[in-house]
2 protein chains.
Amino acid sequence: MKLSKHTDYAFRSLIFLAGQPPGQRVTIQDICDFYTISPNHVSKVIMQLVRRGEVESVRGKGGGLSLARAPEEISLLDIVREFETTLQPIDCAEQPCRIIGNCALQGILGSAVEAFLESLAPYTLADITSSEVQVLRLQAD
Amino acid sequence: MKLSKHTDYAFRSLIFLAGQPPGQRVTIQDICDFYTISPNHVSKVIMQLVRRGEVESVRGKGGGLSLARAPEEISLLDIVREFETTLQPIDCAEQPCRIIGNCALQGILGSAVEAFLESLAPYTLADITSSEVQVLRLQAD
DNA sequence: ACTAAAGATGCATAATAAATGCATGTTTTG
DNA sequence: CAAAACATGCATTTATTATGCATCTTTAGT
């Protein structure tokens, strides 16, 4: 039971963007250099964030990326919901299960996932980027 | 974010066993026939349950499987803990992350997993096998 | 003692999903 | 018009999961 790297990369990209001085644009390359991950991947993740309205991208020479919203307005729950392809702990329909209809397991597991998500709900990007130290580190490249 | 089939098979096997009349033994083959899944897999899952003391196995001719404990004493949380290979939503150590030390994300995700597990804690096998109807269905083969 | 039933276990293979890389297109500034 | 930088699709690789095969061990019944 773990989250996909897409989700991971989304978080990291957002953290990096949040660590920039206001108005500063960074390229996908910058993000990849910092974390040593593949540009192709980050590119796709960023695209999703752009479509969702969390990141602003400017194309062409001199372009780049920046946060489109304040970190306080970017919910960690939303990110998980966006990038996790499945949030069903067990897919009972995948292979036909003969207990269907009387099985309470689905409900119990479903509410456990709900508890997981609920627990993320109060947090925003601001909560994971508040440290001054971290911002300094992000610049120190 | 989903659970492995091992966990799924463990739940199903336990449900099937709990649905048997007291003293009745069933073979791995019975379980596989009922759910149409592979004996090899179930065999390994059952072994883990035997080692943990949830299932009793009798080898040799006329042998078979039965619950070693009352369903009320078999915790769903224990099963998930046993069969999920990883309960870390993001493995920060896998690829070195430059934010380590200042990143609050790990803590937040960690407590979300805790919430997931906590939510399972109150339930036992009895909670997912209480329906009379289900027991009837399990026999009706 | 022998045979068949049934669990126990290790190894090899296949299937699936995730991750990565390559190639190419599009937009925009200078 | 050239270069920078985002945008996107496709192919390949990798890793994990799932499955299947082969073999061993135990035990009841004859």
Side-chain angles (χ1 to χ4, degrees), chain A residues 1-13 16-17 24-33 35-68 83-91 94-95, chain B residues 1-13 16-17 24-33 35-68 83-91 94-95:
Chain A
M1 202 190 78
K2 62 179 182 183
L3 300 175
S4 76
K5 291 219 166 164
H6 269 71
T7 311
D8 185 9
Y9 293 166
F11 278 132
R12 295 211 214 183
S13 300
F16 187 81
L17 289 173
Q24 174 81 39
R25 283 196 197 117
V26 303
T27 67
I28 288 176
Q29 197 56 51
D30 292 336
I31 298 175
C32 296
D33 288 349
Y35 292 115
T36 337
I37 49 184
S38 155
N40 308 286
H41 241 65
V42 174
S43 189
K44 279 149 206 170
V45 168
I46 290 288
M47 272 302 84
Q48 257 177 284
L49 291 170
V50 168
R51 269 184 236 114
R52 286 182 49 82
E54 265 111 15
V55 170
E56 189 175 41
S57 86
V58 177
R59 293 173 76 151
K61 197 171 178 177
L65 309 164
S66 57
L67 284 186
F83 288 94
E84 286 306 298
T85 51
T86 172
L87 284 172
Q88 272 192 305
I90 286 183
D91 185 356
E94 184 187 326
Q95 51 181 326
Chain B
M1 202 188 79
K2 63 177 181 181
L3 300 175
S4 77
K5 291 219 168 165
H6 269 71
T7 312
D8 185 10
Y9 293 166
F11 278 131
R12 295 211 215 182
S13 299
F16 187 80
L17 288 173
Q24 173 81 40
R25 284 197 196 116
V26 302
T27 67
I28 289 177
Q29 198 55 50
D30 292 336
I31 299 175
C32 297
D33 288 347
Y35 292 115
T36 338
I37 50 184
S38 153
N40 308 287
H41 241 65
V42 174
S43 188
K44 279 149 204 170
V45 168
I46 290 288
M47 271 302 83
Q48 258 178 284
L49 291 171
V50 168
R51 269 185 237 112
R52 288 181 47 84
E54 266 110 17
V55 170
E56 190 176 40
S57 85
V58 177
R59 296 174 74 153
K61 194 168 180 177
L65 310 164
S66 55
L67 284 187
F83 288 94
E84 286 307 298
T85 51
T86 172
L87 284 172
Q88 271 192 305
I90 286 183
D91 185 356
E94 184 187 327
Q95 52 182 328

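Below, chain A is the first sequence line, B the second, and so on; all start at residue 1.
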Chemist: Which letters describe nucleotides 20-25 of chain D, given B = protein heavy atom under 4.0 Å from base, S = only from sugar-phosphate, - = neither?
Modeler: BB---B
Chemist: Distance check: side-chain N/O of B:Arg51 vs OP1/OP2 of C:dT9, anything under 4.0 Å?
Modeler: yes
Chemist: A:Val42 pairs by side-chain contact (heavy atoms from CB on, under 4.5 Å) with which of A:Asp30, A:Ile31, A:Leu65?
Modeler: A:Ile31
Chemist: Quick one: label B:Val42 by what it contacts on the DNA or RNA (base, sugar-phosphate, nothing), any heavy atom closer than 4.0 Å.
Modeler: nothing
Chemist: What nucleotide among C:dG7, D:dT17, D:dC6 has an atom nearest to a side-chain atom of B:Thr27?
Modeler: C:dG7
Chemist: Please state how far atom CD in B:Gln29 lies from atom C1' in C:dA5, giving the value in whole angstrom units.
Modeler: 12 Å
Chemist: Does some side-chain heavy atom of A:Val26 sit less than 4.5 Å from a side-chain heavy atom of A:Leu17?
Modeler: yes
Chemist: Would you mind reading off the distance between A:Leu65 atom CG and C:dT27 atom P, rounded to a whole angstrom?
Modeler: 17 Å
Chemist: B:Asp91 has an atom CG; how far is it from atom C1' of D:dA15, in whole Å?
Modeler: 14 Å
Chemist: Hey, does A:Phe11 have a side-chain heavy atom less than 4.5 Å from the side chain of A:Val45?
Modeler: no
Chemist: Under 3.5 Å, is there a donor-acceptor pair between the side chain of B:Tyr9 and the main chain of B:His41?
Modeler: no
Chemist: Separation of B:Glu56 atom CD from C:dA6 atom P, in whole Å?
Modeler: 17 Å
Chemist: Compare side-chain N and O positions of B:Tyr9 against OP1 and OP2 of D:dT19 and report whether any pair is under 4.0 Å apart.
Modeler: yes
Chemist: Atom CE of B:Met1 to atom P of D:dT17: distance rounded to whole Å?
Modeler: 15 Å
Chemist: Rounded off to whole Å, could you give me the CD1-to-P distance for the B:Ile28 and D:dT26 pair?
Modeler: 16 Å
Chemist: Take B:Thr86 and B:Asp91, measure what side chain to side chain contact (heavy atoms under 4.5 Å, CB included) needs, and give me the verdict at the end.
Modeler: CA-CA 9 Å; B:Thr86 172; B:Asp91 185 356; over 6 Å; no
Chemist: Between B:Gly60 and A:Ser57, name the one whose nearest nucleotide on DNA chain D is closer to the 5' end.
Modeler: A:Ser57
Chemist: If I take atom NZ in residue B:Lys2 and atom C1' in nucleotide D:dA18, what distance separates them, rounded to the nearest angstrom?
Modeler: 11 Å
Chemist: Looking at every non-hydrogen atom in both residues, tell me the closest pair between B:Ile28 and B:Pro39 and how far apart they are.
Modeler: CG2-O, 4.0 Å
Chemist: Rounded to the nearest Å, what distance is computed from the CG atom of residue A:Asp33 to the P atom of nucleotide D:dA5?
Modeler: 12 Å
Chemist: Assign each of A:Gly63 and B:His6 to its nearest nucleotide of DNA chain D by heavy atoms, then name whichever residue's nucleotide is nearer the 5' end.
Modeler: A:Gly63
Chemist: Does the side chain to side chain contact (heavy atoms under 4.5 Å, CB included) test come out yes or no for A:Glu84 and A:Ser4, once each step is laid out?
Modeler: CA-CA 7 Å; A:Glu84 286 306 298; A:Ser4 76; 3.4 Å; yes
Chemist: Please compare A:Ser4 and A:Lys61 by the position of their nearest nucleotide in DNA chain C and report the one closer to 5'.
Modeler: A:Ser4
Chemist: With a 4.0 Å cut-off on heavy atoms, is B:Val26 in touch with a base, just the backbone sugar-phosphate, or nothing at all?
Modeler: sugar-phosphate
